[in-house]
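Scroll down for the structure; my scribbles are underneath it.
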Amino acid sequence: SLEMGEIDTMDRLIAMRCGLKVEDLYSKEPGLIDSVIARVKEEQKDLANNKNFYFSEDPSVDINKLRAMIREFKQKTHAEYCFVVIDLLTQLKNFMSSKNGSSTATAMEIGMNDLNALAKEENVHILGVVQFNRDSDKGKPTDWDSIQKLKPSLGDVKNSGALAERARVLFSVFRPKYYSDRYLQDDEEAKNKEDIMEITILKNSSGAPGKILRYAFDNLEQGYHSITLKAWNIYNYSNSATIHFIVTGQPSSGDVSFFAYPNPASTNTQLRIELSDTQKLSSAEISIYSYTGTLVTTLHPTINNDSYV
């Protein structure tokens with residue numbers, strides 16, 4: 001993380017992995033903060049034990065230092081491949097310093113070329129977070145349809161001439177509900193809209209652009225759902241993975257929470273299902289599948305005090 005500090009970044013990461021709101025980490029409510037602290041400690045322990053995870057907040061990283069960090073990580077983990085995420089990409093020192101009086105755009109173009117070479121040499125994928133021009137966020141929408149005009153395009157990428165031209169794949173992230181909650185608080189139509197995040201492929205060197213993945217934050221229809229993700233490496237070899245899940249009706253009298261610690265796990269993990277105090281559970285069945293979708297085992301755990309499994 002070249003932009004945010006370690007505390008802010010780890011707060012967001014842990015909140016996401018625990019299924020919490022970031023503000024819950026700073027809550028002073030006695031009942032809430034006790035449960036939050038316990039879950040955060042478990043997650044911190046899990047991250048500390050995850051040898052395949054490495055985080056750096058060094059703000060002075062350049063491509064040479066990045067190469068050294070990748071090689072050090074591979075040596076420690078005995079891995080031949082790793083996935084690198086950089087936020088914010090344009091804060092790499094190579095992107096910020098121009099040589100011999102050249103423009104910033106030229107420095108970024110050279111930096112992207114060097115980054116592509118690094119990815120090939122070290123057999124890694126690099127995901128860089130970049131910003132959109134603030135002009136794309138101008139103009140106050142007056143209704144739901146006008147929000148669509150704020151959807152980013154390839155030209156809205158800041159320094160797009162240098163970044164987009166050299167990138168192999170370029171995604172944009174657009175969440176209309178964010179704008180409706182901000183600008184259309186009194187619009188009944190906007191209030192009833194689903195919270196959908198749209199990921200659009202703006203550029204794809206190995207396929208067609210324009211495809212849109214829509215991800216619902218909430219209000220998914222009840223029933224069976226699946227998400228399939230397909231990715232290509234730098235040699236154009238692809239692989240895909242599918243996640244299947246079932247959406248059931250929301251309990252009328254409380255919430256159901258599911259936890260697995262540690263997660264991910266190598267030898268064992270502890271599963272826990274918690275229900276609100278007003279809910280009762282007479283039996284439970286837990287089916288465990290392998291990553292290929294093969295059923296490994298089915299558990300019928302003992303119910304404790306009718307409130308958790």
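- With sequence neighbours excluded, the residues satisfying side-chain hydrogen bond (donor to acceptor under 3.5 Å, both in side chains) with H300 are E285.
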Take L88 and Q131, measure what side chain to side chain contact (heavy atoms under 4.5 Å, CB included) needs, and give me the verdict at the end.
CA-CA 8 Å; L88 192 65; Q131 293 178 329; 3.8 Å; yes
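- The stretch residues 47-60 participates, sequence neighbours left out, in these salt bridge (charged side-chain N to carboxylate O under 4.0 Å, His left out) pairs: D58-K65.
- Between E43 and D46, the closest side-chain pair of non-hydrogen atoms falls below 4.5 Å.
- In terms of heavy atoms, T298 sits closest to S287 at OG1-OG, 3.8 Å.
- Side-chain contact between P141 and K149 is absent, with no heavy atoms from C-beta onward closer than 4.5 Å.
- Within the 4.5 Å cutoff, the side chain of R71 has no heavy atoms near those of the Q75 side chain.
- Panel note: side chain K74, backbone A79; no donor-acceptor pair is recorded below 3.5 Å.
- Linking Ile, Leu, Val, Met, Phe, Trp and Tyr residues whenever their side-chain heavy atoms come within less than 4.5 Å leaves L92 and V129 in two separate clusters.
- In this structure, the separation between CG on N116 and CZ on R168 is 7.0 Å, given to the nearest 0.5 Å.
- Contact annotation: the side chain of F171 approaches that of I201 to within less than 4.5 Å [non-hydrogen atoms, C-beta and beyond].
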Trace of the side chain to side chain contact (heavy atoms under 4.5 Å, CB included) decision for S180 with D187
CA-CA 8 Å; S180 67; D187 190 313; over 6 Å; no
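- The shortest non-hydrogen separation linking M112 to A167 is CE-N, 3.7 Å.
- Looking at heavy atoms from C-beta onward, D195 lies out of side-chain contact with D181 at the 4.5 angstrom threshold.
- With rounding to the nearest 0.5 angstrom, the CZ atom of F73 is 13.0 Å from the OG atom of S56.
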The test is side chain to side chain contact (heavy atoms under 4.5 Å, CB included); show your working for K45 and K41 and say whether it passes.
CA-CA 6 Å; K45 181 179 178 181; K41 285 184 176 179; over 6 Å; no
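- Considering all non-hydrogen atoms of both residues, F55 and T9 come closest at CE1-CG2, 3.5 Å.
- Note that CD1 of I86 is 5.5 Å distant from CG of L115, once rounded to the nearest 0.5 Å.
- In this structure, CG in L150 is found 12.0 Å from CZ in F132, a value given to the nearest 0.5 Å.
- Closest non-hydrogen pair, K193 versus K177, comes out as O-NZ, 3.2 Å.
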Let me see the working for L13 and F53 under side chain to side chain contact (heavy atoms under 4.5 Å, CB included), right down to the final yes or no.
CA-CA 12 Å; L13 176 63; F53 174 78; 3.7 Å; yes
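- Remark: E188 engages K191 in a salt bridge (Lys or Arg N to Asp or Glu O under 4.0 Å) (not counting sequence neighbours).
- Criterion: ILVMFWY side-chain heavy atoms under 4.5 Å apart, direct or through other members. Under it, V84 and L163 are part of a common hydrophobic cluster.
- Residues S60 and K93 meet the side-chain proximity criterion, which asks for heavy atoms closer than 4.5 Å.
- Ring geometry for F83 versus H125: interplanar angle of 30 to 60°, hence tilted.
- Every salt bridge (Lys or Arg N to Asp or Glu O under 4.0 Å) that K76 has, sequence neighbours left out, goes to E72.
- Counting all heavy atoms, side chain and backbone alike, L184 lies closest to D143 at CD1-C, 3.5 Å.
- Shown here for I63 and G111, the closest heavy-atom pair between the two residues is CD1-O, 3.6 Å.
- With rounding to the nearest 0.5 angstrom, the CG atom of D87 is 9.0 Å from the OG1 atom of T90.
- The hydrophobic cluster analysis finds I7 isolated: no Ile, Leu, Val, Met, Phe, Trp or Tyr side chain comes under 4.5 Å of it, directly or through other members.
- Once rounded to the nearest 0.5 Å, the distance linking NZ of K151 with CZ of F174 reads 6.5 Å.
- For E109, the side-chain hydrogen bond (donor to acceptor under 3.5 Å, both in side chains) partners are R166, not counting sequence neighbours.
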